[in-house]
Each structure stands twice: as structure tokens, then as C-alpha cells.
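Step one of this worksheet: look at the structure below.
Please read these numbers as outputs of a predicted model, since none were measured by experiment. Both counts, for ligands and for their atoms, begin at 1 and track the order of listing.
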Amino acid sequence: MNKETLKKVYETIDGYSDAFVELQTELTAIPALGPTNDGEGETAKAEFLEKWIGDNVAFDSIEHYDAPDDRVPAGARPNIIAIKKGKSDKKRIWVMGHLDIVPPGELNLWDTDPYTVAIKDGKVFGRGVEDNQHGIVTPLFALKAIQEHGFELPYDVGVVLVADEETGSEYGIQHILKETDIFKKEDLIIVPDAGVPDGSMIEVAEKSIYWLKIKTKGKQCHASTPAAGINAHRAAAHLITRLDSLYEIFDQKDKVFDPPISTFEPTKKDANVPNINTIPGDDVIYIDMRVLPGIPLDDVHAEIEKMTDEIEKKFGVTITLSAPQREDAAPATPADAPVVKALAQSIKDVYGVVARAMGIGGGTVAAFFRRRGLNAVVWSRIDELAHQPNEYTHIENMVGDAKVYANLFLQE
Ligand SMILES: [Zn+2]
């Protein structure tokens, strides 16, 4: 691809500013809430988008992988895979966006109606404009611009529109991955569902999440005669300080992450006795652990059990462990994977920003690809307003991200 080609495509995308806002306005007016959020699903929004696509982008194939779900009037949750053919199908470039939104939350926290797009200071406001319509409209307008000039794509480009991202993805990408093996190891997969304001973060990895509830049982008694009971609170306090040694036992570092280490933090504590002169017979504490991929959570758990055994013996208490959340991290996308390099190149060309591969502490939908050995990254240039009131995205960033996709789609 030469500079002249790109310049023409960029100019065309610059001319789409109003069209971006128009499409965002129409999408925002169709609230696509899943049944878990008391909604009717994503069908109306999917139908509207398919019509828009039919009028604007000449895909070579559009296929549905709808997931049956009798909780919604349509009886299924829409999942769409649209492919535009390139000169070669040796690899494909995929961009996956999700159709569903989260509810607006408390309406009095919004300055404007969440389902009516408002424009202010170069931003569009409304529920879903960033999460995840920003990620849907940008690759579509990139393809439209390339098509307007009649430029051929070097490789196939696929746009994936999924349901149910906000409530677990069972009826969305998980369903697609069960139904088809269309995604290949050599493909470049981009999920524009998180990002930073300058677009410099290409998310490639995540830590395992392990929340542990620790219940300590002793024996309640009057505080003036402690020997008559067993102080569960004291035993739990000793355990908390002992848990700090997890930082030394699992002290591996990975510079992709910030912080680059596993974290083991005591957080919540349930109330025990209401009065000062009672020895508590029960104590409940919680720890939030974010563990680097490569350290099995079973190993972490085994170390914690050793510590609880010691505390049980020393204080005569009984300790039980349970896990409100436990999710082993998917294998990371390598920081030098082709998708990272190609995307970083396009980001640099368009924004002049040096992007780098990074890991985050929580789970993303890209993990479903990574678990299958597919190299997916999460990227966009957004202020990260997802799920907040007055959600917005910059018009400038929609235009810019569409250019990044155009650049990427045209890379030889
Ligand atoms: Zn999202």
C-alpha cells in the first residue's frame, strides 16, 4: 500500500464525521439489553445494522450464528460474521464488536437521555456509544472508504457482531466458537472493547482472578473471660499477616503487566460481634488475588491451605475456604505476535503514538479466543467510559480509529 492510496482513504474517512454521528444516533436509539438485564435482546439492533451494511459495505458473505434463547421475543440472540474478500485468504483480519449494552443505571446521573445521542465538545453522548458502538462503526467505515476508491484488500477482512458480551458471552462469542472453526491461528483478531485515551495500549494478557472467602470459627464468650472461648478474630488477624508471604512465594515478574507482579490483598471484612465486650466466635475475611498467567491457582491455593492448617492448630479454630470468583487466565497473546506488530504499525502511522503490548488485572472477552490458541488483542482509542453515566466517545477518535483499521486492512 502506498502513501497516496492511504491519503485518499483518510480524506474520505475525514468526510464521514457526520455519518459517524448519524449511525451512532440510530444505534443508540435501539437499546439492545440482554434478558439478564430485563431486555429483549439484540435482534432489532442487529437487523438495523444488517440493513445499514447492505446499503454501505459490499461484504462477500454475511452469515448468522444465532444462539437459541427463549427468554427473548425473537427466540435467539443474533451473531453475525461478515467477510469481505481480499487478494489472499492466507490470513484474515477480524474485528469483533458487541451489540448489547448495559442499562443506563440511575437516570438522574445522566445530563441527557441515554438513548438520544447528544453532541457536545466534539463528543457523542449516549448509552452504548463507546461500549461498544465505537468498535462497531469504526471498522465498517474503514471498509466503506476503501471500497469507495475501489482499492483491493490484500487479505480477507471479517467483521464479527456478537450478542451477550455484557452478561457472559454464552449466547455470543462462546456460541460462535462452538459452532464454527472459521478463526485460524494465523488470523489477526482485534477486539475494540477497552483502551486508553491516547490509544497506546494493546492489551494482550490478563491475570488470573481469585477471590477467596475465609471463614474462621472459634467460640464466642464474654470478653472478661477469654479462656472460656476461642477468639476467631485474633486467629484470622494472624492469618492475614501470614498471607503476606504469598508475595514472596509467588514473586515472579512480567513487565507486560502494571503492576508487574501477582497481588494478594486482604479486602473485605464481614462485621462480627456488635459489642466490644464479646469475644467473637466467627470471623469472615476476603482476599482479592490477581495472579500472573503461568502460576497455577491450584499452587496458590495449596500454599494458603498450608497457612490455614497452621493457624487452625495454633489457635484451635476451624477455617473454611470458598471462592466467590475463580478464573484461571487464558494464555497470553505474545507481545511480538503479528497482530500486535501490525496494529502497532497502523497506530503509529495514524496517530504518531508508540503503542505497546500490555496486560491487565481483569478478564476480557478476548480470553475466549486466547483459550483456543488464537492471538487476539484488545484495542481502541477511548476515554474508557464503559458502564458509566454520560458515556461518550470522541468523534475525532472514531475518525482516527477508522483510519487505523483502513491502514491495517491495507497492509501488505
Ligand atoms: Zn464492552
Side-chain angles (χ1 to χ4, degrees), residues 20 23-24 27-28 30-39 41-43 45-46 49 67 77-81 94-105 110 114-115 117 123-140 159-177 189-197 199 201-206 209 327 330 333 343 358-371 376-394 397-398 401-402 404-405:
F20 273 111
L23 182 53
Q24 279 276 23
L27 291 173
T28 305
I30 314 169
L33 287 161
T36 315
N37 284 322
D38 297 324
E42 304 84 353
T43 299
K45 192 167 175 178
L49 257 177
R77 312 287 291 280
N79 294 297
I80 299 166
I81 294 186
W94 299 99
V95 185
M96 184 182 91
H98 64 83
L99 297 160
D100 57 324
I101 56 166
V102 292
W110 286 77
Y115 298 131
V117 156
K123 302 168 191 163
V124 288
F125 289 82
R127 175 53 88 225
V129 293
E130 183 195 272
D131 182 20
N132 190 222
Q133 287 153 210
H134 178 107
I136 292 173
V137 301
T138 44
L140 290 176
V159 173
V160 185
L161 303 171
V162 294
D164 195 32
E165 193 277 337
E166 299 291 1
T167 45
S169 291
E170 188 189 337
Y171 300 88
I173 188 58
Q174 294 204 66
H175 178 76
I176 294 182
L177 289 168
I189 303 171
I190 296 140
V191 182
D193 201 23
V196 292
M201 177 184 81
I202 300 175
E203 191 266 313
V204 294
E206 54 204 41
I209 302 179
E327 188 81 51
T333 291
L343 181 59
M358 290 173 78
I360 58 170
T364 72
V365 70
F368 295 114
F369 290 109
R370 293 183 188 139
R371 288 213 171 89
V377 299
V378 180
W379 173 83
S380 22
R381 177 150 149 150
I382 51 174
D383 287 358
E384 198 63 281
L385 268 288
H387 303 200
Q388 294 181 38
N390 301 313
E391 177 181 346
Y392 68 80
T393 196
H394 293 270
N397 286 344
M398 286 193 281
D401 284 11
V404 170
Y405 287 122

Checklist entry - To the nearest 10°, how many degrees is the angle Asp193 OD2 to the Zn ion (ligand 1) to His98 NE2? => result 90°

Checklist entry - What N/O/S atom of Asp131 is the closest to the Zn ion (ligand 1)? => result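 Per the distance ranking, Asp131 contributes OD1 as its closest N/O/S atom to the Zn ion (ligand 1).
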
Would you find a donor on one side and an acceptor on the other, under 3.5 Å apart, between the side chain of [X] and the backbone of [Y]?
X      : Y      : result
Ser380 : Ala194 : yes
Asp100 : Glu165 : yes
Asn132 : His98  : yes

Checklist outcome for this item: So CZ of Phe368 and NE2 of His175: to nearest 0.5 Å the spacing works out to 14.0 Å

Checklist entry - How about Glu165: does one of its N, O or S atoms come closer than 2.8 Å to the Zn ion (ligand 1)? => result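 Under 2.8 Å: Glu165 has no N, O or S contact with the Zn ion (ligand 1).
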
